[in-house]
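Structure record follows, encoded as structure tokens.
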Amino acid sequence: MSKAVRVRFAPSPTGPLHIGGVRTALFNYLFAKKHNGVFYLRIEDTDQNRFVPGAEQYIFEALDWLGIAPSETVGKNEKFGPYRQSERKDLYKQYADQLINSGWAYYAFDTSEALDFHRKQHEEQGKTFIYNWHNREKLDTSLVISAAETEKRIASGEAYVVRFKTPVDQTLHLHDIIRGDISFETNLLDDKVLFKSDGMPTYHLANIVDDHLMETSHVIRGEEWLPSMPLHSLLYKAFGWEAPEFAHLPLILKPIGNGKLSKRDGDKLGFPVFPLEWKSEEGVSSGYRENGFFPEAVINFLALLGWNDGTDQELFSLEELVEKFDLNRVHKAGAKFDPDKNKWFNHQYLQKQSDESLAELFKKDLLNRSTSTALSVTDVKLIRIVSLIKERANFVSEFWELSNFFFEAPTSYDEKAAKNWKEDTPRTMQELISVLENISDFTSATIETDVKDWMTQNEIGMGKVMQPFRLSLVGALKGPHLFDIVELIGKEETIKRLQTAISTL
Ligand code: GLU
């Protein structure tokens, strides 16, 4: 790689950042870090009609949470600032003028009524109206009137747009790092609007000018931008600028069926498609953060949407991803989004957390549930409980369901399990109480030895004791190692629960 690597994430703040956008940001981040380059973020807000308050802040917060913040952006190392296109407004007109002067662009004065008329007329004939090489000389443009006339109309305040004059009859041979060589026929392109008389550039002009001025070396973006690639490469040519290299990332596909992953898929199947929660007039869209995902897990599953390192390895830290990431290993084909696999990733990252930090998170969760008995438990005990149940959990929010019996006596008993409560069970449980009463070192191992000794000596089968014992303590036949539960609940509470079971079951 000859040029210094400078890559960008260039979102338009038109709503919450979709998980696909986050994947684009991540791949740019990884590529930059891998090549000791710069990952910067530019806000593309030239379309004021689509401006959504809060969306920009959301983007920054999401990338911060994930640990992939850009090193240059609005308010941060503004080496090529401003990084918000709306604040660069005055800069673009000269570039539109440059293209007009060099014959790469022209003024078009067609009113929206006139354009509607053309569209309708075409529709009636079963055709689609495309503003292009074929008809641009039949339309209301500077190509067919004198320069003086054009100037007069502009000076009189008539509304216009500047359109790109796509060359005719050319085949463009372009290269994409992921897709290889691709060719495009210029005759199939329309003459895109680059600039409007209100002084605002469109996405295409602003994007190319800024990528150039901000010294972008590689454009890494979603596949939906592939159709813009011929225009963009022509714009570089028109300006006489060296084009960056392009890499178009594969689409993220629905978990079931065909097509692009949408917000509706998330709503339907109950998983988030946004990194953070987003509240708007239309309601609340859930976020990975608020759903209890660890940012590391989100990074890990996003990295594998369209990329792998060529081995079966699935768990990667961010540092490892930086080391191993390679655009040449990004697939062309769309990547299926698998919400269950995402939970698996979270499960893995949950196991990696220390019991201490999980206990802290659990405490917060308990506060929200205002379960007073649980909150009175000591930290040491809570850490122990967490260590016993975490392997069954994907999320901290599942801890309560997996551990409530440590804090509260069961209020009911699982019906199916209660069938194992036989006629002689109360007597056996009563004897068990006596055994427990005599244990002074009330720790899991000692309790287990003493209880098992008593069972052997009296020839009592495992099933006769263990199942009813567990049922009495937990209310169901679930939970971690029984004697760990007994130790943590303590002698007094264990005996109390056994007595309750004897009198109720
Ligand atoms: N502003 C565009 C977007 O919203 C950027 C596309 C590009 O990366 O060129 O995704």
Side-chain angles (χ1 to χ4, degrees), residues 5-32 37-52 55-60 62-63 68 70 72-74 80 82-89 92 95 164 174 176-179 182 192-195 200-236 239 241 243-252 260-263 273-275 278 302 306 327 330:
V5 166
R6 283 183 58 83
V7 290
R8 80 324 190 252
F9 179 46
S12 300
T14 54
L17 183 60
H18 185 271
I19 205 76
V22 183
R23 199 252 336 237
T24 300
L26 172 64
F27 282 20
N28 275 283
Y29 175 94
L30 296 176
F31 185 75
V38 170
F39 167 57
Y40 75 87
L41 188 148
R42 182 175 69 231
I43 296 287
E44 300 211 324
D45 57 351
T46 52
D47 190 349
Q48 295 292 328
N49 299 326
R50 297 179 64 215
F51 176 79
V52 173
E56 187 184 302
Q57 195 43 43
Y58 180 98
I59 294 167
F60 292 127
L63 299 188
I68 56 169
E72 291 171 20
T73 191
V74 179
F80 295 97
Y83 284 72
R84 210 183 264 126
Q85 285 186 327
S86 57
E87 291 169 17
R88 303 169 66 81
K89 193 179 157 206
Y92 304 109
Y95 294 100
F164 188 65
L174 305 179
D176 181 280
I177 299 175
I178 296 165
R179 274 142 228 281
I182 324 175
K192 282 270 187 288
V193 173
L194 300 177
F195 191 83
M200 270 301 194
T202 60
Y203 153 71
H204 298 290
L205 181 69
N207 184 271
I208 270 38
V209 167
D210 287 344
D211 274 346
H212 171 70
L213 296 178
M214 296 181 171
E215 298 183 2
T216 309
S217 62
H218 297 75
V219 167
I220 305 167
R221 60 185 175 191
E223 183 179 316
E224 62 273 28
W225 299 102
L226 191 62
S228 300
M229 190 178 169
L231 169 64
H232 291 185
S233 95
L234 285 167
L235 278 167
Y236 282 103
F239 284 119
W241 296 335
E245 288 188 53
F246 286 93
H248 288 90
L249 306 174
L251 292 177
I252 300 181
K260 228 171 114 171
L261 175 74
S262 72
K263 179 173 148 3
V273 296
F274 300 115
W278 173 259
L302 284 179
L327 273 180
V330 174

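In each ligand, atom 1 is the first atom listed, and ligand 1 is the first ligand listed.
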Any donor-acceptor pair under 3.5 Å from Arg84 side chain to Asp45 backbone | no
Taking the six-membered ring for Trp and the single ring otherwise, decide whether the centroids of Phe164 and His232 are under 6.0 Å apart.
-> no
Centroid-centroid distance, Phe239 to His212, less than 6.0 Å = no
Out of Ala10, Pro11, Pro13, Ala206, the nearest non-hydrogen contact to atom 5 (C) of ligand 1 is supplied by Ala10
Can any side-chain N or O of Arg88 pair as donor or acceptor with the backbone N or O of Pro82 at less than 3.5 Å?
-> yes
In terms of atom number and element, which parts of ligand 1 are under 4.0 angstrom from non-hydrogen atoms of Arg221?
-> 7 (C), 8 (O), 9 (O)
What atoms in ligand 1 come closer than 4.0 Å to a heavy atom of Asn207?
-> 7 (C), 9 (O)
Would you mind telling me if ligand 1 is within reach of the side chain of Trp225, the backbone, both or neither, using heavy atoms under 4.0 Å?
-> side chain
Per-atom contacts, ligand 1 versus Glu44 - under 4.0 Å to a heavy atom | 1 (N), 2 (C), 5 (C)
Check whether any side-chain heavy atom of Phe27 sits under 4.5 Å from a side-chain heavy atom of Val7, and report yes or no.
-> no
What's the shortest distance from atom 8 (O) of ligand 1 to any protein heavy atom, and which residue and atom give it?
-> Arg8 NH1, 2.7 Å
In terms of residue, atom name and distance, what is the protein heavy atom nearest to atom 4 (O) of ligand 1?
-> Ser12 OG, 3.2 Å
Side chains of Tyr83 and Glu72: donor-acceptor distance under 3.5 Å anywhere?
-> yes
For Tyr203, take its heavy atoms, then give the atoms of ligand 1 lying under 4.0 Å from any of them.
-> 2 (C), 5 (C), 6 (C), 7 (C), 9 (O)
